[in-house]
Amino acid sequence: MFPTLLLMVLLCLAAGSLACDAGASPFKSTGIICRVTKPAALVLNQQTTQVIQAAFRHAKYPSMKGEKSILFIGKVLYGLNNLEIHNLSIGKSEVELRENDAIGIEIHNVSATFKGALHYGYGSWLINLGHSVDFEIESHIDLRVNTKLYCGKGRVAADTSDCTLTFHKLLLHLQGDKQPGWMKKLFTDFISFTVKLVIKSQICKEINTVANILADFIQERAELFLSDGDIGVDISLTTSPSMRASYIESHHKGLVLYRKVPSSFLNESVFSPALLSESRMLYFWISDQVLNPMVKAAHEDRRFMRHIAGDELKELFQVDLSGTMPDILHQIISSENPVAKVWSLAAPELSMVPQGTIVKSAAAVELRINSSNAESPALYIETDVEVAVQASYANKKLFLDANPVSISIRKVSDSAGMDLDTDSDMDYFKEMIHRIGIPKVISYLEPGLTSLMDRNRLNLFEIINPEIITQEGYVVIQLDFGFPHHLLVDFLKKKL
């Protein structure tokens, strides 16, 4: 259960606020898929100890009382109060993914000492019982939890009601062990019957509580991870998670939200389970019908606009281009304070193909001298660019390799009315865009996107050999990972 939550929770995109739209074809409206395989479950199972300990420690154990008639003595009344857990240790845990059923977790050899106060007296119940003695209960327990994942209001939810505790040892120690033998025997029988029920009830209840606290928290983080400013993604589930013996798979809408309003519509998805394998720990399948609306929203949010000035701009033109720089451009760049503005004229279009991501963009560039003089030289260029981009992630950084497919100049104008449509000028501007413009755009995108991922704490995870594979109409991200133990510990301390 806990690994399950951590696998579905910590790394899968499980979230949303709308109810599931499960139907005859759940894939039809699916824009994002997350698949977690058995090797990932085994890695995350290593964190089970922390979650079990949190459940035991955070559980509230109610006071218990009982009564029994004893020959020659009469009615004996007794109660257990202030039950606390000490010396908790856990042996090993095992996880199993059960086809179309549940995630089976078995925890062996949970050793714990429960301490409290035992009150007892004779006759009728009094406000304060006549005698009191401290006690300890030594216990050895095996724990089995079968967690079923389902869709609850668009989110991955966990049902841990199939929870069983097996007591292999439950030994009572009264303080000093000087009480009459019949008294200890009486209390031992009482504890054996009552404490088992109370501990099981409270531990299983707390396990479910911790599981869903984790689920809610991580699913909220998943929403934030895919959000920035006014741009977000509705990743509500389209159906309940799919359970196989070798993986768990969740299916999400992937509808882009701009200023909280849906700005995309998903046509029939091309996803099928056969598109993903099981050799890596974690897989994400993302349709280009999700990525294109995200880019459109970024364009509408004026994200694709940059100003460059002064020495930064001058350094760009130190690149040795084959053609001759037009005079007006030379005047601007050689001035004391040149400035440039670059922006997208329309939303870039993305298409996924086996060779990479094809990006088609229409952009404008305005270069001028930073002066209040309205007559100062200025140059305006509009261009259509098609670029093949391949992405990779290494050393906690995103890298983009962009290769131009085509560059065309659609418009050139200047403040002096010079003739800039000669073949040599057009060739120069194309080379300028190829060797200066595109690399500069990439130099902004790489750290910008890396910073966005870092703000959402992706850099805290050990991402192992990630691969970004594009195919016709979609991209697959596959990777192995190491779980940051300290994150779970910190989370449990804060939340519990």
Side-chain angles (χ1 to χ4, degrees), residues 4-38 40-41 44 97-103 147-159 212 215-216 218-227 232-257 262 264-278 280-294 352 469-479:
T4 308
L5 266 285
L6 288 171
L7 60 223
M8 291 304 292
V9 265
L10 238 192
L11 293 168
C12 274
L13 304 176
S17 58
L18 305 176
C20 296
D21 298 330
S25 180
F27 301 149
K28 185 175 181 179
S29 58
T30 294
I32 300 174
I33 303 291
C34 177
R35 175 178 290 187
V36 183
T37 62
K38 182 66 176 290
L44 290 166
L97 306 183
R98 295 172 183 159
E99 188 91 9
N100 298 321
D101 184 18
I103 298 91
T147 303
K148 293 183 180 293
L149 299 180
Y150 64 96
C151 176
K153 297 182 179 180
R155 292 174 176 257
V156 171
D159 176 8
N212 283 288
D216 289 342
I218 300 303
Q219 290 175 116
E220 290 168 2
R221 293 300 306 176
E223 287 181 320
L224 291 174
F225 187 83
L226 291 177
S227 303
V233 180
D234 174 7
I235 45 178
S236 304
L237 293 175
T238 60
T239 186
S240 293
S242 175
M243 179 70 63
R244 297 292 182 266
S246 55
Y247 65 82
I248 305 170
E249 191 173 88
S250 58
H251 314 95
H252 309 268
K253 291 180 179 178
L255 299 179
V256 175
L257 307 175
S264 65
F265 175 78
L266 192 69
N267 293 322
E268 188 164 345
S269 175
V270 300
F271 176 77
S272 74
L275 295 177
L276 300 179
S277 66
E278 303 170 16
R280 306 297 300 274
M281 290 185 179
L282 182 64
Y283 294 83
F284 294 106
W285 181 97
I286 305 173
S287 170
D288 59 9
Q289 296 184 61
V290 175
L291 299 175
N292 264 307
M294 291 180 70
M352 303 296 170
I469 303 169
T470 55
Q471 296 293 340
E472 197 72 39
Y474 64 90
V475 59
V476 173
I477 303 170
Q478 55 189 42
L479 55 98

Go through the structure and list residues passing side chain to side chain contact (heavy atoms under 4.5 Å, CB included) with [X], not counting sequence neighbours.
X: Ser242; value: Arg244, Glu249, His251
X: Pro262; value: Leu257
X: Arg98; value: Glu96, Asp101, Asn146
X: Gln471; value: Pro354, Ile469, Tyr474

Going through the checks in order, is the side chain to side chain contact (heavy atoms under 4.5 Å, CB included) test met by Val270 and Trp285?
-> CA-CA 11 Å; Val270 300; Trp285 181 97; 3.7 Å; yes
Of all the heavy-atom pairs spanning [X] and [Y], show the shortest one and how long it is.
X: Gly232; Y: Ser227; result: CA-OG, 3.7 Å
X: Pro241; Y: Cys151; result: CD-N, 4.3 Å
X: Gly31; Y: Val290; result: O-CG2, 3.6 Å

As an exercise, state the distance from [atom1] of [X] to [atom2] of [Y], rounded to the nearest 0.5 Å.
X: Met281; Y: Gln478; atom1: CE; atom2: CD; result: 13.0 Å
X: Ile235; Y: Ile32; atom1: CD1; atom2: CD1; result: 6.0 Å
X: Ile286; Y: Thr30; atom1: CD1; atom2: OG1; result: 13.0 Å
X: Ser246; Y: Leu97; atom1: OG; atom2: CG; result: 8.0 Å
X: Ile248; Y: Ile103; atom1: CD1; atom2: CD1; result: 4.0 Å
X: Phe271; Y: Ile33; atom1: CZ; atom2: CD1; result: 4.0 Å

Side chains of Thr37 and Glu278: is there a donor and an acceptor less than 3.5 Å apart?
->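 No, because no side-chain N or O of Thr37 sits under 3.5 Å from a partner of the opposite role on Glu278.
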Sidechain-backbone polar pair: Arg35 side chain, Ser277 backbone, donor-acceptor under 3.5 Å =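 Flag set: sc Arg35 to bb Ser277 pair under 3.5 Å.
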Heavy-atom check, side chain of Met352 versus side chain of Leu291, under 4.5 Å |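 With C-beta onward as the side chain, the pair touches.
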Answer yes or no: is there a side-chain heavy-atom contact under 4.5 Å between Lys28 and Ser269?
->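 No, side chains not in contact.
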Take Leu282 and Cys34, measure what side chain to side chain contact (heavy atoms under 4.5 Å, CB included) needs, and give me the verdict at the end.
-> CA-CA 7 Å; Leu282 182 64; Cys34 177; 3.9 Å; yes
Check salt bridge (Lys or Arg N to Asp or Glu O under 4.0 Å) between Glu472 and all other residues, then give those that pass, not counting sequence neighbours.
->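 Salt bridge (Lys or Arg N to Asp or Glu O under 4.0 Å) list for Glu472, sorted by chain: empty.
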How far apart are the C-alpha atoms of Val476 and Leu276, what are their side-chain angles, what is the distance that settles it, and do they pass the side chain to side chain contact (heavy atoms under 4.5 Å, CB included) test?
-> CA-CA 8 Å; Val476 173; Leu276 300 179; 3.8 Å; yes
Side chain to side chain contact (heavy atoms under 4.5 Å, CB included) between Tyr150 and Asp159: does it pass, once the steps are laid out?
-> CA-CA 8 Å; Tyr150 64 96; Asp159 176 8; 3.9 Å; yes
Do Thr238 and Ser29 pass the side-chain hydrogen bond (donor to acceptor under 3.5 Å, both in side chains) test, and can you show the C-alpha distance, the side-chain angles, and the key distance before you say yes or no?
-> CA-CA 7 Å; Thr238 60; Ser29 58; 4.9 Å; no
Could I get the full list of side-chain hydrogen bond (donor to acceptor under 3.5 Å, both in side chains) partners for Gln289, not counting sequence neighbours?
->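 In terms of side-chain hydrogen bond (donor to acceptor under 3.5 Å, both in side chains), with neighbours along the sequence ignored, Gln289 is linked to no residue.
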